[in-house]
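Here is the structure we will look at, set down as structure tokens.
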Amino acid sequence: MKKAELILKLQELGIQESAYSINEGLKFDAFNVEEYYGMWYVYYYERGNRCEERLFIEESKAYKIYMRDY
């Protein structure tokens, strides 16, 4: 899965853009996916904490786990 595919699926599900950030900077009280030195991090950012953070080597796997919650 690519970034554009993930964003399209989120839009189809009616998920507001304020609820997520896909490698576009940190959003508060939202799900975030970010790439840092070739690693992909998926987490919910709330009250200054990265909750339920997961780390992936492959971008597509990070997106797949992200969609699992929807």
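We use all heavy atoms of the structure for the numbers below, so side chains are in, but hydrogens, waters and symmetry mates are not. One is the number of the first residue; the rest follow in order along the sequence.
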Those residues at least two apart in sequence (or on a different chain) that pass side chain to side chain donor-acceptor pair (under 3.5 Å) with Glu35 are none
Taking only residues two or more places apart in sequence or in another chain, which ones pass side-chain contact (heavy atoms from CB on, under 4.5 Å) with Met1? Glu5, Leu6, Lys9, Tyr63, Met67
Side chains of Met39 and Ile57 in contact at under 4.5 Å (non-hydrogen atoms): yes
Nearest heavy-atom approach of Tyr41 to Glu53 is CD2-OE2, 3.0 Å
Tell me every residue that passes side-chain contact (heavy atoms from CB on, under 4.5 Å) with Leu26, counting only those two or more places apart in sequence or in another chain. Phe28, Asn32, Tyr43, Tyr45
Using the salt bridge (Lys or Arg N to Asp or Glu O under 4.0 Å) criterion, which residues pair with Glu59? Sequence neighbours excluded. none
Got a sec, which residues hit side-chain contact (heavy atoms from CB on, under 4.5 Å) with Asp29, two or more places apart in sequence or on another chain? Tyr44, Glu46
Can you list the steps and then say if Val33 with Val42 is a side chain to side chain contact (heavy atoms under 4.5 Å, CB included)? CA-CA 5 Å; Val33 179; Val42 178; 4.2 Å; yes
Does the pair Glu34 and Arg50 meet the rule for a salt bridge (Lys or Arg N to Asp or Glu O under 4.0 Å), with working shown? CA-CA 12 Å; Glu34 69 177 27; Arg50 293 165 78 144; 3.2 Å; yes
With sequence neighbours left out, the residues meeting side-chain contact (heavy atoms from CB on, under 4.5 Å) with Ile7 are Lys3, Gln11, Tyr20, Ile22
Please enumerate all residues that pass salt bridge (Lys or Arg N to Asp or Glu O under 4.0 Å) together with Glu12, with sequence neighbours excluded. none
Looking only at heavy atoms, what is the nearest atom pair of Ala30 and Ser18, with distance? CB-O, 3.6 Å
